[in-house]
Amino acid sequence: MLDIHWVREHQGEVAENLVRRRDEKLKRSFSALIHHDEEWRRLKREIDDLRKRRNEISKEIDSLKRAGTDASQALAEAKAIPGRVQELEKAAAEHQQQSHRYSMHLPNLLDPTVPFGRDSTDNEVVKTWGKPSKSTGTLKPHGEFLQEAGLADFTRGTKISGAGFYFLLGELALLEQALARFALDFLAKKGFTVVQPPYMISRAAYEGVTDLVDFERVMYKVEGHDLFLIATSEHAICSMFRDEILEEDKLPIKLAGLSPCFRKEIGAHGVDTRGLFRVHQFNKVEQFVFCRPEDSPKIHAELLANAEALFQKLGLPYRVVLICTGDIGAVAAKKYDLEAWMPREQAYKEAISCSNCTSYQAVRSNIKFRKKGSLDKAYVHTLNSTAIATSRALRAIVENFTDEKGRIQIPKPLQAYMGGLTEIKPAKPL
RNA sequence: GCGGAGAUGGCGGAAUCUGGUAAACGCACUCGCCUCGAGAGCGAGAGCCCGCAAGGGCGCGUGGGUUCAAAUCCCACUCUCCGCGCCA
């Protein structure tokens with residue numbers, strides 16, 4: 001969400017931004033927003049004037065009564081006001097609601113460096129690291145391999161919970177824990193505070209962090225409660241500081257979230273349907289930062305560097321893409337994806353998403369900071385980046401590091417978390 | 001889940017019974033004056049909304065109701081504390 005005060009003064013810039021997104025619908029929403037905002041302000045003025053008059057008369061009535069004088073004339077005038085106020089308030093509330101609704105749909109201002117494009121095929125490759133392995137033509141889909149190797153059970157996961165659910169078994173389940181712990185230890189050393197957030201949050205908290213369409217498409221609703229399962233710890237962590245004014249010298253606040261992520265993501269995905277790539281539940285270590293506006297570009301680069309460092313330490317080949325205007329979504333002003341090399345598909349696939357959300361979430365969640373030595377307040381900037389989404393990292397490890405005998409080589413930095421184990425051998429399926 | 005008490009600025013707290021337009025009093029904070037400097041003292045300020053401003057409106061956990069007028073009365077909800085129950 002954009003700050004409405006700012007929008008009133010910078011309508012041209014907002015319109016330009018929408019042109020870059022090439023979205024006619026948004027342009028109409030924007031003029032509707034301006035219209036309702038103006039109407040609301042006009043009515044508010046009228047209502048305030050009426051209230052002023054009512055307050056004056058109320059005072060008169062008070063003093064008349066205290067003096068023991070007849071107040072019936074003043075009372076008669078006063079009685080007429082609340083009804084009129086109520087009428088106008090109804091109209092004003094309607095306009096305010098509409099203006100709020102439209103502003104909730106307005107996307108963030110894009111950073112000027114975001115490339116113009118239609119969809120993910122127009123994203124710009126900015127870096128490639130590591131040597132992508134050539135296809136041997138013998139690799140099985142990782143889901144099939146893990147099922148046969150007794151390291152995961154997709155069949156029974158589907159049986160009890162439906163497609164997109166799975167059991168991790170034995171050493172693969174331990175490797176999943178190792179990955180998460182590896183990422184957390186790395187971030188803790190970088191000054192991040194580790195956070196285990198609530199896994200369910202209320203609608204109001206949720207509206208502060210994400211686009212409204214996510215409620216239908218992505219999030220699971222808990223029946224009978226005002227609660228949604230989090231789709232990432234980013235959501236819980238951002239709303240953690242909702243309606244707060246932070247002190248400038250506490251910034252930047254760097255947090256490393258650890259949580260399961262629950263996503264509906266309806267629809268079939270071909271070869272990815274069975275396996276760990278696209279699932280309804282996975283664990284993720286997330287980087288999240290609240291900072292001063294002037295620091296967010298620098299911190300954005302840091303978060304990406306952290307994500308890259310983790311993949312480099314694991315030895316997983318990847319490339320970094322800068323997401324284009326058509327693929328970036330409503331929340332981020334600028335976004336990089338880190339795509340890991342997946343040998344079986346001979347393709348880079350999204351493993352990490354790293355966004356500078358500027359003040360978009362801060363406005364929605366009302367998170368400000370007080371400038372040092374003054375009473376001035378401004379919205380913070382928020383940034384988030386995956387550190388490790390364990391499900392996708394596991395797939396990358398399995399595909400990149402399994403030898404012809406079906407043994408998965410454990411990346412060096414994870415071995416310490418696996419009691420010194422260097423490889424995972426296939427087991428008998430349960 | 002049951003019973004009791006409560007929710008007011010950054011904090012402690014007053015006004016609630018008896019409706020009359022909130023933050024008295026104290027602490028902390030910001031700016032200014034005064035000081036060589038610090039402190040003390042004095043003055044102003046300190047939430048949100050509309051307005052270029054002057055000014056006005058709103059705001060006492062949330063939502064509704066009664067009233068010319070609600071922190072105060074009524075209803076529902078949320079949360080906190082105490083006790084009991086249940087529980088990994």
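In what follows, every chain begins at residue 1, and chains take the letters A, B, ... in the order their sequences are listed. Keep in mind that the numbers below use all heavy atoms, side chains included, and drop hydrogens, waters and symmetry copies.
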Pick base, sugar-phosphate or nothing for [X], based on heavy-atom distances below 4.0 Å to the nucleic acid.
X: A:Arg45; value: base
X: A:Lys52; value: sugar-phosphate
X: A:Asn55; value: sugar-phosphate
X: A:Ile57; value: nothing

*Anti/syn call for B:G51, syn if |chi| within 90°*: anti

_If you take the centroid of each ring, where Trp contributes its six-membered ring, are A:His300 and A:Tyr336 closer together than 6.0 Å?_
yes

Applying a 3.5 Å limit to both distances, which nucleotide forms a Watson-Crick or G-U wobble pair with [N]?
N: B:A44; answer: B:U30
N: B:C2; answer: B:G83
N: B:A24; answer: none
N: B:U66; answer: none
N: B:G51; answer: none
N: B:C77; answer: B:G61
N: B:A88; answer: none

Does one side chain, of [X] or [Y], offer a donor that lies under 3.5 Å from an acceptor on the other?
X: A:Glu234; Y: A:Gln361; answer: yes
X: A:Asp37; Y: A:Tyr102; answer: no
X: A:Glu176; Y: A:Thr390; answer: yes

In whole angstroms, how far is the [atom2] atom of [N] from the [atom1] atom of [X]?
X: A:Arg54; N: B:G20; atom1: CZ; atom2: P; answer: 15 Å
X: A:Arg370; N: B:A28; atom1: CZ; atom2: C1'; answer: 13 Å
X: A:Ile245; N: B:U30; atom1: CD1; atom2: P; answer: 16 Å
X: A:Asn366; N: B:C48; atom1: CG; atom2: C1'; answer: 10 Å
X: A:Arg203; N: B:U62; atom1: CZ; atom2: P; answer: 21 Å
X: A:Asp249; N: B:U30; atom1: CG; atom2: P; answer: 12 Å
X: A:Leu43; N: B:C58; atom1: CG; atom2: P; answer: 16 Å
X: A:Leu246; N: B:G10; atom1: CG; atom2: P; answer: 14 Å

Can you check the distance between [N] and [M], where both ends of the measurement are the [atom1] atom (answer in whole Å)?
N: B:U62; M: B:A54; atom1: P; answer: 29 Å
N: B:G3; M: B:C25; atom1: C1'; answer: 36 Å
N: B:C27; M: B:G9; atom1: C1'; answer: 13 Å
N: B:G59; M: B:G47; atom1: C1'; answer: 8 Å
N: B:G6; M: B:G13; atom1: C1'; answer: 14 Å
N: B:A70; M: B:C2; atom1: C1'; answer: 32 Å
N: B:C87; M: B:A5; atom1: P; answer: 28 Å
N: B:G19; M: B:U67; atom1: C1'; answer: 9 Å

*Does A:Lys79 or A:Lys59 map to a spot on RNA chain B nearer the 5' end, using the closest nucleotide for each?*
A:Lys59

Show me, pair by pair, the donor-acceptor contacts under 3.5 angstrom made by side chains of residues 350-358 of chain A, not counting sequence neighbours?
from, atom 1, to, atom 2, distance (Å)
A:Ser353, OG, A:Asp337, OD1, 3.0
A:Asn356, OD1, A:Thr358, N, 2.9
A:Asn356, ND2, A:Ser296, OG, 3.0
A:Thr358, OG1, A:Asn108, OD1, 3.4
A:Thr358, OG1, A:Asn108, ND2, 2.9

*Measure from NZ or CZ of A:Lys349 to the centre of the six-membered ring of A:Phe277 and say whether it is under 6.0 Å with the direction within 45° of the ring axis.*
yes

*Hey, does the side chain of A:Lys44 come within less than 4.0 Å of B:G51's phosphate (OP1/OP2), counting only N and O?*
no

*Answer yes or no: does a side-chain N or O of A:Arg53 lie under 4.0 Å from OP1 or OP2 of B:G56?*
no

_Nucleotide nearest A:Asp48 when distance is taken to its side chain, options B:G57, B:C68, B:C50_ = B:G57

*Looking only at atom types and distance, does a side-chain atom of A:Arg364 sit under 3.5 Å from a main-chain N or O of A:Met104, one as donor and one as acceptor?*
yes

